[in-house]
Every structure is written in structure tokens, then in C-alpha cells.
K.L.:
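One structure, as C-alpha cells, below. Some questions next.
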Amino acid sequence: MLTIYQSLGGRVQAALGRAFPKDTYSSKESGYILDPQLVSASKPEFGDFQINGALQLTKILKKPPRDIANAIVEELIRDETFLEICELPEIAGPGFINITLKPQCLIRELQERINDNRLGVPSIKYALEGQSNPPVIIDFSSPNIAKEMHVGHLRSTIIGDCLARVFEFRGHQVLRLNHVGDWGTQFGMLITHLKQVAPEALSTVNAINLGDLVKFYREAKQLFDEDKNFQRNSREEVVKLQNGDPLSLKAWRLLCNQSREEFQKIYDRLHIHLNERGESFYNPYLKEVIESLNESGLLVIDDGAKCVFLEGILGKDGLPLPVIVQKRDGGFNYATTDLAAIRYRFNNSPKGDGACRLIYVTDAGQANHFAGVFQIAERANWIPKGARVEHVPFGLVQGEDGKKLKTRSGETVRLRDLLDEAINRAEADLRRRLSDEGRIETEEFIAHVSTTVGIAAIKYADLSQNRVSNYQFSFDRMLSLQGNTAPYLLYALVRIAGLARKGGNLNAAVNELLFIEAQEWELIRELLKFDEVIVNLEEELLPNRLCNYLFELSQTFNRFYDQVPILKANEPYRNCRLVLCRLTADTLKQGMTLLGIPTLERM
RNA sequence: GGGGCUGUAGCUCAGCUGGAUAGAGCGACGGUUUCCUAAACCGUAGGUCGUGGGUUCGAGUCCCGCCAGCCCCGCCA
């Protein structure tokens, strides 16, 4: 309904101007435009849209709100274009104006949707003919080499993928960057330790598995904390690596490759595509960061370390908080890498990506870090005019006890175990239902359905929550067949596929769309909201808004399906209803696709 | 000490730029199936929106104080 909303907005604004020409004129002079406040109706009984402005304008216009509302309405009903799309407006309460769209208008809109594979969602316009848009960069997932992916990577990976899909659908060029932790002191530790206990791992492909690597990593960390000699050796090892020692580099590459393969298994299961560009990629640009900061006068040497002091952010002592960009020993740290990354991503090719928008999907705990880094980038003039850089934070994954999610033995939960368990539980549910209903299905079917449902449940549970707050992980809730869950949405689609199997032609050509039931109109109105939801998502970056919409659409559809006969209806109603079913299926499928969730025909 | 996030029904959570009587789902209680998958639908009960002020025609939403929980705060990422 975006286009309707926009054209209606113009009509209403014009009506307000005609009703109060003097005030509109004088307020234009003062740079202030009278706002009629046209918004979607807050409740179905108020129609499709409402004008709230009359209440607020009392002060400027010095008239009671109902008089203002009356004046606006009088002008509106003189507008033929308005009357073509809307019923007569109604004034309600203290001065709200309720607007209901005419059925023909909704039908026309519906007709357009049916023939539009974008379902009404506008595609962004390219700046120049033949030129591609500057990319939007989404930085997400970012596991660490030599560690297994765990529950802490879940949200970033799922939310980041969803946002990337939305931007792609809107027509942006998207760069999905996996900023893996592939550099730094941990490699010194690990290589030093492996040299002693498992030297073959440093020279032979796949000599040890990732599980062992994780064990070795843990041991190395402990040695590093306890043993001075080990610490010194590790530091030397890092220096060797950073200086490009061939043996060290070879070992490092082996370790990275091995981790990469493991990560890829998880990404494949989740149907997530990423471009790996780890921290090490920015090594050649670290020095330039320091130089550039020095040139712009931001660099300060404090206690031997090179820092930038932040504005407006104070440390414990009440003094401005420093961000260390080069350590006393000459080493760089993560802030430097992040700064180099921002610089590179905004820079133009060949030494950059030429991005217009930069999005970081990481946990909320890094908010301070990013605020600092963004401030430095801003002050160093690395962010081009009109470009945006945003941190998209999310809360912790908690167990049902409200604490950080752990295994029974108190360890972090591995992602693959989490996926396995969801799938196993989905399979058990499915088998129980099959036996209850006396259905017989192939093992292939069972495997496919359980995998799809299990993964969908995990993704949907995460995405359907407002990402800012912490999120309580519960297999029972996410796999539940009722409520705002993946299985509920998938089931709505299965019902529609069922209609097609029972002889309903979802693609029947219909000359004239004809609807007579309230449930049909509810469904139509819900379907027409899709474009607005997607466009808002691009701005607000809150996937739960899309989930909410899809859930409401499913509910509205289920009510329609339950209360209105479809296959048993007479023509022309039968075909018209099938058209609604088809558009519902298309919308649900597109919505789920944007969430990164594949759908099913039967389950 | 400074900063960030959170606090809404018994539980898990929505609530977009301030708008009409604060909404879902689960759980509880009650109902619906000769009919397209009942994995559904319909109904009932359940609230001092942490708390105290302020801003205004109007506040869950904006501002200030306080309380509680979680997270971050110079050489880890």
C-alpha cells in the first residue's frame, strides 16, 4: 500500500493547505509545514488510514480540533482523485479522521500484486545508467580461527544473513563480509604449543581435527597465562608470522584452512553465503591508519602507546577515554584493524570497496568499542558525505534459567550440536505425528522435513525476537506447532499446497476479482502491507518486524481458510479465493526467503 | 565512579516517527470436526506498562531522578 499511502499523503496535505491557506502560507515562510499526520489505522475498525493532525494543529490554527477535522474533510470530499480511492472520511473521537479505501481501489492494488514477482516492493533506482550502485557492506558471523563456532555466533550469522537478503532484494549490491579472527597473539600461542605437542599439524593438511585444535588452543592459552618462557616464545612467534616467515605462514595457512572447512559445513547447513575477509586482510593498511591519524592531529602518545582520545566519552578517572591504536611494543590491536577496515571499505577501488553503507552485526557488548571506532573514523574524515556506518547490536542468547546458555557441564554450546538437537527433536515430533495419524512417509521425506523444520525453528526463533534484548533459547517453544513459530508459518504454506493437490488451480486466470466475505477483505488488506514492511526493514534493520507480519498474515489466512469455503465454493468465488491463496503463498514464501528459511510443500 | 542495554499479563515477548478502550503466543478454563491437513479456528479469565516527577490536548513511547538485572570501561577481540 506504499503507493496508495504516498498519493493519499499528497491529497491530504493539499486538502489541509486549501482548508487553511493563510496558515500554510505563513508556516511555509517560517520553514514550518503543517503536518496532517497521515498514518496507518491503529485498529481495523478505524479503516485503513487515519489523520491525527487536527489535534495537534489546534494551537497553530487556534481552532477546536473537530472544526479543523471538519475543514479538512470538506476539502477532501471535493477532491475527485481522493473520492476515487476512498470512501467518505469519518470524524471520530476528539478529532481523528478515519479513512477507508474503496473496494475497487484494493482490488486494483491486488491485481497489480498478482502480476508482480516483487509483490509490490520497489527496487531501488540505480544512480547512473550502466553503473552499479555502491555496495552496502554487511559484516557478520565472524568466528575465530582455531575455535569452533558456538552459540555466540548464532545471532550474528542469522540476523546478518537476513539483512543481507533484504538489501539484495531491494536491489542493492551487497558485500557479505566474514571478518574472521585470523590474526593476532592467539596464533603465536597456538603455533608455539603445536610445535611442542603436535608438530605434524603445522605441516600436514588435516593432521588433526578441529576438536583437537580447540583443545590445543585451550592448553596454549593456559600456558600463556602461567608460563613466562612460553609467553616469550609466543610473542616471538607472532613477530615471525607478522614478518612473513615462510614456515610460520605455512602453519598459519593450514590452521586457517582447516577451520574454514568446518565453518563452511555450518554455513552450508544454514544456507548462508559469506565472503571471508579476515582481520589479516587489513595488515597492509594498519600503518596507514596510524599515519593518517597522525596527519589529522588525532594521534597522541600516552605512556608509550599511540592513542586517540575520544570526545564525550570519559574513563574511570574522569578524563577522556583513549583508544589504543598501537601498543607500546609496536603491535596493533583490534581497534586498529577495525579502523583500517572502515577506511578500506569506504575508500574507492582499487584500495577499497567504495561502500555507501556499513553495517556491523555484533553483540551489544561491543557498543562502546564501535562508538569509539566510529567517532575516530568520523573525526579522521574517513566517512564520505552521505555514507552511513552502523552498529546493529543484539542481546545474549540465554538458557531457560535466564543465564547465558551453557551445556549441562557448563561449557559453551557448539553450534553444530545445537542444530543437531533441533533437527532430532523435529524428527521425533514428526514420527510421533505420523504414527498418530497412520501416515506412511519415506525416510527421505522424514529427513528432509525434520532438517528444514529444525533449522527453520532455530532461525525463526532468533529473528522473531527484537534483537536488542537478550533472548531466551528454548527448543520446546521454537518447535511448537502453535504460536509465532516457524512450524506455524510453514504449515500455512502446506495448507495452500494442499489445496493445489486437491484440484485447486492456484494460477487460474480470473477476469474479475469478486469478494464478499469479511475474511477475504481482511486477508487482502494484510497482503497489501508487505511492501511497507520490507521498505521499513531496510531502514530499521529489525527482522522481527517481518516475522511479526508473516505471523499475522498466517493467522489471517488460517481464519479465512477455516471460515470460508474455497474448493467447495461456486464460481466465480472459487477461483477468486484461489487467487488469494496463491498470493498468500507467494508472500509467505518471499518473506521466509528473506528470513533465510526454505519452505515445504508437505510436512 | 563513568557509559550502554533491559524492566509491559503467571511464562515468553510485540508495541514503527507520542494518538482513540495497551496487544500476541504459551499456560489455564470453555467451545467447534459427516466438510480443503484440528499442526487449525472461536470464546473467557488475566495489567498501577519497575518507580517518582516533568513536558502537553494526549505518554508504555519524549526529558530528569531513583530502584533492579545484564554488559562494557588503556595496551584481549
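As a basis for the values below, the full set of heavy atoms in this structure was taken, side chains included, without hydrogen atoms, waters or symmetry mates. Lettering of chains follows the sequences in order, A, B, ..., and the numbering in each one begins at 1.
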K.L.:
Rounded to the nearest Å, what distance is computed from the CD atom of residue A:Gln482 to the C1' atom of nucleotide B:G25?
P.N.:
9 Å
K.L.:
Using atom CG of A:Leu299 as one end and atom C1' of B:G74 as the other, report the distance to the nearest whole Å.
P.N.:
14 Å
K.L.:
Starting from C1' on B:C62, measure out to CD on A:Gln56 and report it in whole angstrom.
P.N.:
13 Å
K.L.:
Can a side-chain donor-acceptor contact be found between A:Ser280 and A:Asn283 if the only test is distance below 3.5 angstrom?
P.N.:
no
K.L.:
Between atom NZ in A:Lys43 and atom C1' in B:A24, what is the gap in whole Å?
P.N.:
14 Å
K.L.:
Atom NZ of A:Lys403 to atom P of B:C70: distance rounded to whole Å?
P.N.:
9 Å
K.L.:
Check this for me: does the side-chain of A:Asn98 come within 3.5 Å of the base of B:A20 through a donor and an acceptor?
P.N.:
yes
K.L.:
Looking only at the side chains, is there a donor atom on one of A:Asp338 and A:Tyr282 sitting less than 3.5 Å from an acceptor on the other?
P.N.:
no
K.L.:
For A:Asn544 and B:G15, what is the distance between atoms CG and P respectively, to the nearest whole Å?
P.N.:
5 Å
K.L.:
Rounding to an integer number of angstrom, what distance separates B:C73 and B:C26 when you compare their C1' atoms?
P.N.:
40 Å
K.L.:
Taking any strand in view, what nucleotide pairs with B:G23 in a Watson-Crick or G-U wobble way, both distances under 3.5 Å?
P.N.:
B:C13
K.L.:
On the nucleotide B:G69, are OP1 or OP2 found under 4.0 Å from the side-chain N or O atoms that A:Asn470 carries?
P.N.:
no
K.L.:
Distance from A:Asn233 atom CG to A:His193 atom NE2, nearest 0.5 Å?
P.N.:
13.0 Å
K.L.:
Respond yes when some side-chain nitrogen or oxygen of A:Arg477 is under 4.0 Å from OP1 or OP2 of B:C11, and no when none is.
P.N.:
no
K.L.:
Please confirm whether the ring centroid of A:Phe46 lies under 6.0 Å from the ring centroid of A:Phe96.
P.N.:
no
K.L.:
How close or far is atom P of B:A14 from atom CZ of A:Phe551, stated in whole angstroms?
P.N.:
14 Å
K.L.:
How long is the line joining NE2 of A:His369 and C1' of B:C75, in whole Å?
P.N.:
14 Å
K.L.:
May I ask you to verify if any side-chain N or O of A:Asn466 is less than 4.0 angstrom from the OP1 or OP2 atom of B:G15?
P.N.:
yes
K.L.:
Answer yes or no: does a side-chain N or O of A:Ser469 lie under 4.0 Å from OP1 or OP2 of B:A14?
P.N.:
yes
K.L.:
For B:C57 and A:Lys59 - does any side-chain N or O of the residue sit under 4.0 Å from the phosphate oxygens OP1/OP2?
P.N.:
yes
K.L.:
Would you say A:Lys327 reaches B:C76's phosphate, i.e. side-chain N/O to OP1/OP2 under 4.0 Å?
P.N.:
yes
K.L.:
Check whether any side-chain nitrogen or oxygen of A:Tyr360 sits under 4.0 Å from OP1 or OP2 of B:A77, and answer yes or no.
P.N.:
no
K.L.:
Across all strands, who's sitting opposite B:G47 as a Watson-Crick or G-U wobble pair, both distances under 3.5 Å?
P.N.:
none
K.L.:
Under a 3.5 Å cut-off for both distances, is B:A38 Watson-Crick or wobble paired, and to whom?
P.N.:
none
K.L.:
With both distances kept under 3.5 Å, what pairs with B:A68, Watson-Crick or G-U wobble?
P.N.:
B:U6
K.L.:
Using only atom types and a distance under 3.5 Å, with no angle test, would you say the side chain of A:Ser156 pairs donor to acceptor with the backbone of A:His153?
P.N.:
no
K.L.:
Could you give the distance separating B:U17 and B:G74 at their P atoms, to the nearest angstrom?
P.N.:
34 Å
K.L.:
OP1 or OP2 of B:G15 less than 4.0 angstrom from a side-chain nitrogen or oxygen of A:Arg545, does that happen here?
P.N.:
yes
